[in-house]
2 protein chains.
Amino acid sequence: MLERQPRRNTAQKRMILRSIEQLGCHPTAVQIYTAVREVLPRTSLSTVYRNLGILVDQGKIKAVKGAGSEIHYDHNTGAHNHIECTVCGRVCDVHVNPVNIDTLNPETVSNYVVLEVRINILGICPECAEQLEKEKLQ
Amino acid sequence: MLERQPRRNTAQKRMILRSIEQLGCHPTAVQIYTAVREVLPRTSLSTVYRNLGILVDQGKIKAVKGAGSEIHYDHNTGAHNHIECTVCGRVCDVHVNPVNIDTLNPETVSNYVVLEVRINILGICPECAEQLEKEKLQ
DNA sequence: TTCATAATAAGAACTATTCCTATTATAGAA
DNA sequence: TTCTATAATAGGAATAGTTCTTATTATGAA
């Protein structure tokens, strides 16, 4: 959490952050790795993972877990919610009314100290819904 | 999803389901494995995983993903929400008002076909909060 | 320009889960 | 009850995603 080490500004770190911003819809480590390697072809997957960890620690990106086993990375660090396509697995931002933590009754939340309320919507994205419709007609 | 094969009623399968019910707070596969082995000491982890998959397919239990990397298993198959302790990792049921899918505006959910809305609360359970308080005083 | 060391590439190690296969034991038939 | 086909098992190998290790490279302060 606390930041003390000097951090060098490397080409890989810059490209990793830029890729997350440009890819949109919360890419996975491998998707970021693939994008970064188009510009810096010798970049290793471990460098991607290490920098993703640093960027999360610095609060510059957020790690998002979906229904699948991969971690997705999000450059929007504000409070917001996610929608995930159960067919293609993509994770995107979605704007439903957030739950205000202060309105939660301590007893209904089992006397926990509430830190965060996450709303995750599962559904089928328009592209996958269209594709499924086509397949059904055949 | 659809069930056609005959299913044998084995001691392992019965103990796995009973362990999930008795352990409470959504145990992981290894926690279930440990509990089952106290009664059936030769049970293997692959048997636990295979039966968990069958029980999920049959709709008898639900798989729940938390902030950690392990999958948790829940014998409450109705619609409800979860609260997770960020210190000890335990996942439990919690009763906050569920979001009614029909009230979601198609545009706000990016024109997805919405299947499910999951609310996950992250916090610190009373036991861990107390422990942290003790450590602070030392 | 030099130099200490942060960051890197490459791949080994790790963790949770799934898959494979010879063996065991369930449940329907005799 | 005994027999038998095969579903389910134990044990361990394989896999996927992530983290760790180490020799090498390159950043940035002096």
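The structure presented is a predicted model; accordingly, all values stated were derived computationally and were not measured. In what follows, every chain begins at residue 1, and chains take the letters A, B, ... in the order their sequences are listed.
For A:Ser44, the listed nucleotide lying nearest its side chain is C:dA9; candidates were C:dA9, C:dA7, C:dT18. The nucleotide whose nearest atom lies closest to any side-chain atom of A:Thr43 is, among C:dT8, C:dT17, C:dA9, C:dA9. For A:Glu70, the listed nucleotide lying nearest its side chain is D:dT18; candidates were D:dA10, D:dT18, C:dT26. Checking C:dA9, C:dA16, C:dT8 against every side-chain atom of A:Arg42, the shortest atom distance belongs to C:dA9. Here D:dG28 is the nucleotide among D:dG11, D:dG28, C:dT17 with the atom lying nearest to any side-chain atom of A:Asn9.
A disulfide bridge connects B:Cys92 to B:Cys25: their SG atoms sit within less than 2.5 Å of one another.
If you check every strand for non-hydrogen atoms under 4.0 Å, A:Ser69 touches sugar and phosphate atoms only.
Comparing B:Pro41 and A:Thr47, the nucleotide of DNA chain D nearest to each residue sits closer to the 5' end for B:Pro41. The residue among B:Leu45 and B:Ala11 whose nearest nucleotide of DNA chain C is located toward the 5' end is B:Leu45.
A donor-acceptor contact under 3.5 angstrom links the side-chain atoms of B:Arg8 to the base of D:dT6. Side-chain atoms of B:Ser46 and base atoms of D:dG11 include a donor and an acceptor less than 3.5 Å apart.
The CD1-P distance, from B:Ile54 to D:dA7, rounds to 12 Å in whole Å. Taking atom CD1 on A:Ile16 and atom C1' on C:dA9, their separation rounds to 12 Å, with Å as the unit. A straight line from CZ of A:Arg14 to C1' of C:dT8 spans 14 Å, rounded to a whole angstrom. Atoms CZ (A:Arg50) and P (C:dA10) sit 13 Å apart, rounded to a whole Å. Separating the OH atom of A:Tyr33 from the P atom of D:dT18 is a distance of 14 Å, rounded to the nearest angstrom. Taking atom CG of residue A:Leu55 and atom P of nucleotide D:dT18, one finds them 16 Å apart after rounding to whole Å. Between the CG atom of B:Asn51 and the C1' atom of C:dA25 there is a distance of 14 Å, given to the nearest Å. Spacing between atom CZ of A:Arg37 and atom P of C:dA10 amounts to 7 Å, rounded to whole angstrom units.
At least one side-chain nitrogen or oxygen of A:Gln12 sits closer than 4.0 Å to the OP1 or OP2 atom of C:dA9. Contact annotation: B:Tyr49 does not reach the phosphate of C:dT18 (side-chain N/O to OP1 or OP2, under 4.0 Å).
Side chain to side chain, A:His82 and A:His26 meet the donor-acceptor criterion of an N or O pair below 3.5 Å. Checking A:Arg50 against A:Thr47 by side-chain atom types alone, a donor-acceptor pair falls below 3.5 Å.
Atom CZ in A:Arg14 sits 11.0 Å away from atom CG in A:Asn51 (nearest 0.5 Å). Atom CD1 of residue A:Ile16 and atom CD1 of residue A:Ile32 lie 7.5 Å apart, to the nearest 0.5 angstrom.
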